[in-house]
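Notes for the one structure printed next.
We count residues from 1, following the sequence as given.
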Amino acid sequence: MKITLITVGKIKEKYLKDAIAEYSKRLSKYCKLEILEVADEKTPDTASEAVENMIRAKEGERILKHIKEDAYVITLEIEGRQLTSEKLAEKIETLGVQGNSHIIFIIGGSIGLGTEVLKRSDYALSFSKMTFPHQLMRVILLEQIYRSYRIINGEPYHK
């Protein structure tokens, strides 16, 4: 199984880079992991809805360039479906059994994902109704993917 994370923006903080590296290393035992970063747009503090839509569209174009036709796309959205760790593991396992060999997770930038990316999504996933920094969300997502593989393989993992 190939897992790709497409994310908007770069990680600047060392502690986040270290956590991402650690989970990437752990996941290498279970899947082929790829993390793609696309450039983010500067969003003015007083941006209008039209300006924000334009920014999401630009970031969306960059994201869509990396999506393969046969990939199963999961977007992270506040309004998406919330799953337990066991249900996420089940989702990943079921996709593999159904012949989906490539899952792409998409984490948008600070103002979310554009319409075209949302249209391409096969599944909207939410981790919470709360808003998290997209850089931190990358670590949380990798940890949950790692936890999913531990569950799938019947291996112990702290509950």
Side-chain angles (χ1 to χ4, degrees), residues 1-13 16-17 19-20 23-24 27 31-98 100-149 151-152:
M1 172 81 67
K2 180 176 180 183
I3 303 277
T4 300
L5 268 60
I6 302 176
T7 64
V8 176
K10 293 201 176 299
I11 300 288
K12 296 170 186 77
E13 296 84 358
L16 292 173
K17 286 181 180 178
I20 289 164
Y23 283 111
S24 296
L27 277 164
C31 65
K32 184 179 185 313
L33 178 68
E34 174 183 42
I35 299 174
L36 302 173
E37 295 176 335
V38 300
D40 57 344
E41 292 288 316
K42 296 283 180 242
T43 305
D45 289 338
T46 57
S48 66
E49 186 65 29
V51 169
E52 286 188 357
N53 286 337
M54 187 181 71
I55 289 168
R56 282 189 285 264
K58 281 184 183 177
E59 291 174 349
E61 286 174 18
R62 294 178 190 136
I63 290 167
L64 291 168
K65 285 180 187 171
H66 296 286
I67 298 176
K68 306 280 188 288
E69 187 73 30
D70 61 342
Y72 188 89
V73 176
I74 299 175
T75 46
L76 272 60
E77 306 175 39
I78 288 176
E79 297 303 322
R81 209 153 159 227
Q82 292 185 17
L83 302 175
T84 63
S85 296
E86 291 81 8
K87 287 292 182 190
L88 179 60
E90 189 179 302
K91 177 95 179 145
I92 291 170
E93 185 174 32
T94 299
L95 287 169
V97 169
Q98 291 172 342
N100 292 291
S101 60
H102 189 189
I103 301 172
I104 297 176
F105 289 89
I106 300 175
I107 302 172
S110 59
I111 59 170
L113 294 167
T115 309
E116 294 305 310
V117 175
L118 297 176
K119 281 184 195 169
R120 176 57 184 89
S121 177
D122 295 303
Y123 192 86
L125 177 64
S126 173
F127 279 79
S128 173
K129 293 290 182 193
M130 291 185 265
T131 302
F132 295 101
H134 54 281
Q135 298 92 338
L136 180 59
M137 198 64 234
R138 199 180 307 187
V139 176
I140 295 169
L141 175 60
L142 286 170
E143 189 279 335
Q144 283 299 304
I145 294 169
Y146 174 68
R147 183 180 297 264
S148 291
Y149 276 107
I151 291 167
I152 289 166

Open item on the list: Evaluate Val117 against Leu64 for side chain to side chain contact (heavy atoms under 4.5 Å, CB included), listing each step before the verdict.
Closed with: CA-CA 7 Å; Val117 175; Leu64 291 168; 4.1 Å; yes
- [ ] Walk me through it: do Lys65 and Glu61 pass the test salt bridge (charged side-chain N to carboxylate O under 4.0 Å, His left out)?
- [x] CA-CA 6 Å; Lys65 285 180 187 171; Glu61 286 174 18; 6.0 Å; no
Open item on the list: Does Lys119 form a salt bridge (charged side-chain N to carboxylate O under 4.0 Å, His left out) with Glu116? I'd like the steps, not just the answer.
Closed with: CA-CA 5 Å; Lys119 281 184 195 169; Glu116 294 305 310; 3.2 Å; yes
- [ ] Give the C-alpha distance, both sets of side-chain angles, the deciding distance and a yes or no for side chain to side chain contact (heavy atoms under 4.5 Å, CB included) between Met1 and His102.
- [x] CA-CA 6 Å; Met1 172 81 67; His102 189 189; over 6 Å; no
- [ ] Determine, stepwise, if the pair Ile3 / Leu27 fulfils side chain to side chain contact (heavy atoms under 4.5 Å, CB included).
- [x] CA-CA 10 Å; Ile3 303 277; Leu27 277 164; over 6 Å; no
Open item on the list: Under the criterion salt bridge (charged side-chain N to carboxylate O under 4.0 Å, His left out), I'd like the reasoning laid out for Lys42 against Asp40: C-alpha separation, chi angles, the key distance, then a yes or no.
Closed with: CA-CA 7 Å; Lys42 296 283 180 242; Asp40 57 344; 5.1 Å; no
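Distance CZ/Phe127 to CG/Leu88: 6.0 Å, rounded to 0.5 Å. Of the inter-residue distances, the one linking Lys87 atom NZ with Ser148 atom OG reads 12.5 Å to the nearest 0.5 angstrom. Distance check, rounded to the nearest 0.5 Å: CZ of Arg120 to CD of Glu69 gives 6.5 Å. In this structure, the separation between CD1 on Ile92 and CG on Asn100 is 12.0 Å, given to the nearest 0.5 Å. Distance check: Gln144 CD to Ile151 CD1 gives 7.5 Å after rounding to the nearest 0.5 Å. Between the CG atom of Leu76 and the CZ atom of Phe132 there is a distance of 10.5 Å, given to the nearest 0.5 Å.
Counting only heavy atoms from C-beta outward, the side chains of Lys12 and Lys17 never approach each other to under 4.5 Å. Looking at heavy atoms from C-beta onward, Leu16 lies out of side-chain contact with Arg138 at the 4.5 angstrom threshold. Between Leu95 and Tyr123 there is no side-chain heavy-atom pair separated by less than 4.5 Å. Contact annotation: the side chain of Ile74 approaches that of Tyr72 to within less than 4.5 Å [non-hydrogen atoms, C-beta and beyond]. Counting heavy atoms from C-beta outward, Leu33 and Ile145 have side chains that stay 4.5 Å or more apart. In this structure, Glu37 and Ile11 have side chains that are in contact, with non-hydrogen atoms separated by less than 4.5 Å. Using a 4.5 Å heavy-atom threshold, the side chains of Val51 and Thr43 count as separate. Counting heavy atoms from C-beta outward, His134 and Thr7 have side chains that stay 4.5 Å or more apart.
Counted within 6.0 Å of NZ on Lys58, heavy atoms from surrounding residues, nucleotides or ligands total 12 or fewer; the atom is thus considered open.
Nearest heavy atom pair, residue Ser126 against residue Ile78, reads OG-O, 3.1 Å. Across all non-hydrogen atoms, the minimal contact from Glu59 to Val38 is O-CG2, 4.5 Å. Annotation for Arg62 and Ala39: closest pair NH1-O, 2.9 Å, computed over non-hydrogen atoms.
Side chains of Gln82 and Ser128: no donor on one and acceptor on the other come within 3.5 Å.
Of the options His66, Glu34, Lys68, Lys32, a side-chain hydrogen bond (donor to acceptor under 3.5 Å, both in side chains) to Thr4 is made by Glu34 and by none of the others.
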